[in-house]
Amino acid sequence: MPIKDILVACDGSASAAHALAHGTTLAKAIDAHLTGAVVHAISSVLVQLGPWITEPVEEVIRGQDDKRRAEIRAGFDQVTGGVTDHIHYLDLSGAPEAVLAETARLYDLLIVGGGEDTSGPRHFTANKHELAAHCGGPLMVVPPSAKAAPVPDKIVLAWDGKPAASRALTAALPLMTAAREVSVLTVGGDVGAHLDQVRTHLFRHGVTAESVHLARGSGGIGATLLDECSRRAADLLVMGAYEHPKLAEDVFGGVTDRILREATLPVLMVH
């Protein structure tokens, strides 16, 4: 299925603005609709101190949030050219992770900013780790340093034979068919024997892919994937997300968390 409906999270941070620019360029290149969404919860100050806050102070805090929403909308219009037949905008209230995850289920792709940008208020900003685990569909994380082509020219698919990787492959097929170079990469284990089957599946969709089976480096699977993406000058990494329970990755560390923290190229992932 082609990518025709893209949702971009807007929170006023520099990383979100970069992701919006990336998403706008991609949407125009593939003739897709693009929707920006700002999601705002109640300020933590009001939640924690509500009974003791005077009405004038509450009005000031809410006024600051309204001002930020207006600034985010103005920034969206500046990047996209404003609402048109293909450009849309949503102003939503509620917990950012929950509302974005639910909203994204009716879109082909959700794009968010990457990195550790904390310039936006917490009640406007969705945690990308939570989104990766719960949005239920394809999530593209665009780090501030990413300088990718409008449509990715070189794509690396991280393959481990598990359901999440299969879902990521299917989600990324429309981008792979337009790419000049696709590499199917597996790290460690015995999945290498299945790479020919992955290449055959892609070939039947019009994608000629190279398969690579790498030994796991000393930095672990995540570092090995990122190093290979860097060596290949890849524009996009495609992978499954949180194949192990997120709680286990939070406690012991894992590939998904490492990629989200350290990637310098856009990453398309599906749980």
Side-chain angles (χ1 to χ4, degrees), residues 3 6-27 29 34 36-37 72 75-76 79-80 96-97 100-101 104 109-120 122 124-133 135 137-158 164 168 171-172 175-176 179 181 183 185 187 219-242 246 249-250 253-271:
I3 297 173
I6 298 173
L7 180 67
V8 181
C10 302
D11 62 18
S13 66
S15 62
H18 183 69
L20 175 61
H22 186 92
T24 301
T25 304
L26 174 62
L34 180 136
I72 292 171
F76 174 84
V79 171
T80 62
E97 289 92 356
L100 267 178
L109 178 65
L110 170 62
I111 299 179
V112 301
E116 300 301 323
D117 188 344
T118 58
S119 58
R122 178 64 189 88
F124 275 77
T125 304
N127 183 299
K128 58 185 179 294
H129 300 264
E130 293 295 330
L131 287 176
C135 75
L139 171 71
M140 182 182 288
V141 181
V142 182
S145 57
K147 297 179 180 179
V151 177
D153 194 42
K154 297 182 180 181
I155 298 177
V156 170
L157 167 66
L175 298 176
M176 291 183 183
E181 180 181 307
S183 304
L185 179 65
V187 179
I221 294 175
T224 304
L225 285 174
L226 292 177
D227 287 346
E228 187 66 12
C229 286
S230 177
R231 191 184 74 79
R232 292 174 175 272
D235 300 311
L236 179 69
L237 171 62
V238 177
M239 60 179 285
Y242 292 118
K246 184 178 181 301
E249 291 216 13
D250 288 344
V255 176
T256 306
D257 280 337
R258 182 157 194 171
I259 296 294
L260 286 171
R261 288 195 312 269
E262 300 179 10
T264 58
L265 78 166
V267 181
L268 190 157
M269 52 178 58
V270 183
H271 177 48

(message) To check you understand the geometry: which heavy-atom pair defines the closest contact between Cys10 and Ala16, and what is its length?
(response) CA-CB, 4.5 Å
(request) Please round to the nearest 0.5 Å and tell me the distance separating atom OG1 of Thr25 and atom CG of Leu34. (result) 10.0 Å
(request) Taking the side chain as every heavy atom from C-beta outward, state whether Tyr242 and His129 have any pair of such atoms under 4.5 Å apart. (result) yes
(message) Please check: side-chain N/O of Ser230 versus main-chain N/O of Leu226, any donor-acceptor pairing under 3.5 Å?
(response) no
(request) Enter the distance from Leu225:CG to Ile259:CD1 here, rounded to the nearest 0.5 Å. (result) 5.0 Å
(request) Could you tell me which non-hydrogen atom of Val270 sits nearest to which non-hydrogen atom of Ala164, and how far apart they are? (result) O-CB, 3.5 Å
(request) Look up atom CG in Leu268 and atom CD1 in Ile155, then write down how far apart they are to the nearest 0.5 Å. (result) 8.5 Å
(request) Using a 4.5 Å cut-off on heavy atoms from C-beta on, say whether the side chain of Ile6 contacts that of Met140. (result) no
(request) Examine distances only and state if a side-chain atom of Arg258 and a backbone atom of Arg261 form a donor-acceptor pair shorter than 3.5 Å. (result) no
(request) For Pro144 and Ser15, work out which heavy atoms get closest and say how close. (result) CG-CB, 4.0 Å
(message) When you compare the side chain of Leu265 with that of Val156, does any pair of heavy atoms fall below 4.5 Å?
(response) no
(message) With rounding to the nearest 0.5 angstrom, report the CG to CG distance, Leu100 to Leu139.
(response) 10.0 Å
(request) To the nearest 0.5 angstrom, please state how far the CE atom of Met239 sits from the SG atom of Cys229. (result) 10.0 Å
(request) Check Met269 against Ala132 and note the closest heavy-atom contact, atom names and distance. (result) SD-CB, 3.8 Å
(message) Between the side chains of Arg122 and Glu97, is the shortest nitrogen-to-carboxylate-oxygen separation below 4.0 Å, so that they form an ion pair?
(response) yes
(request) Using atom types as modelled and distance alone, determine if a side-chain donor or acceptor of His271 lies under 3.5 Å from a backbone N or O of Ala241. (result) yes
(request) Locate the shortest heavy-atom distance separating Thr256 from Gly240; write the atom from each residue and the value. (result) OG1-O, 4.2 Å
(request) Can you measure from CG (Asp235) to CD (Glu181) and round to the nearest 0.5 angstrom? (result) 9.0 Å
(request) Determine whether Leu26 and Leu175 make a side-chain contact, defined as any pair of heavy atoms from C-beta on separated by less than 4.5 Å. (result) yes
(message) Do Asp11 and Val112 make a side-chain contact, defined as non-hydrogen atoms from C-beta onward lying under 4.5 Å apart?
(response) no
(message) Does any part of the side chain of Leu157, heavy atoms only, come nearer than 4.5 Å to the side chain of Met176, both counted from C-beta?
(response) yes
(message) Checking the side chain of Thr24 only, and the main-chain atoms of Thr80 only, is there a donor and an acceptor separated by less than 3.5 Å?
(response) no
(message) Looking at every heavy atom in both Gly220 and Thr224, which two are closest together, and how far apart are they?
(response) O-OG1, 2.8 Å
